[in-house]
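Reviewing the structure listed below.
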Amino acid sequence: MFVGTPFAGIATGSQWLPAGVAMVGQLLPPGAAGTLVRSAAYFGGAGGGTSLVVLSAWALAGLILWFVGPRLRRTTTPDTGTPVEAA
């Protein structure tokens, strides 16, 4: 949040930020969401495809972590095969 929000360029647009900062900002959710909202509100959705792909990738990554995360904590003991919580 401390990196994504300033690098998003929502108040002025990413064009006013330095090139490297603007690129990183548009790959983070706040920047992609701001660009998608701006393109939908002012330009009829034109130019919002990349932002939609970025937000979809973040959502997919979150869903994958949601389902995989609990399974990563479970381990089995070699002798009994019963689940034991990892420390």
Side-chain angles (χ1 to χ4, degrees):
M1 182 162 67
F2 293 116
V3 174
T5 303
F7 286 5
I10 293 174
T12 59
S14 62
Q15 297 81 7
W16 291 91
L17 298 173
V21 172
M23 184 182 69
V24 170
Q26 294 304 305
L27 293 176
L28 296 172
T35 300
L36 185 61
V37 167
R38 187 179 297 116
S39 69
Y42 296 116
F43 304 111
T50 304
S51 299
L52 188 60
V53 170
V54 169
L55 289 174
S56 298
W58 277 102
L60 181 63
L63 283 173
I64 290 171
L65 289 175
W66 179 316
F67 289 112
V68 172
R71 289 176 178 82
L72 292 177
R73 293 196 57 178
R74 291 189 205 130
T75 59
T76 58
T77 58
D79 55 347
T80 61
T82 58
V84 176
E85 288 294 323

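What you see is a predicted model; the values in this text were computed from it and never measured. Just so you know, these numbers use all the heavy atoms, side chains as well, and skip hydrogens, waters and symmetry mates.
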> If you link I, L, V, M, F, W and Y whenever their side-chain heavy atoms are under 4.5 Å apart, who else ends up in the same group as Trp16?
Replying inline: none

> What's in the same ILVMFWY side-chain cluster as Phe67, cut-off under 4.5 Å, chained through other members?
Replying inline: Leu63, Trp66

Under 3.5 Å, which donor-acceptor pairs do the side chains of residues 47-59 form with other protein atoms, sequence neighbours left out?
residue, atom, partner, partner atom, Å
Ser56, OG, Leu52, O, 2.8
Trp58, NE1, Leu27, O, 2.9

> Can you list every pair that meets side-chain hydrogen bond (donor to acceptor under 3.5 Å, both in side chains) and has a residue in residues 20-46, with sequence neighbours left out?
Replying inline: Gln26-Thr35

>> Tell me every residue that passes side-chain contact (heavy atoms from CB on, under 4.5 Å) with Val21, counting only those two or more places apart in sequence or in another chain.
In response: Phe7, Leu17, Pro18

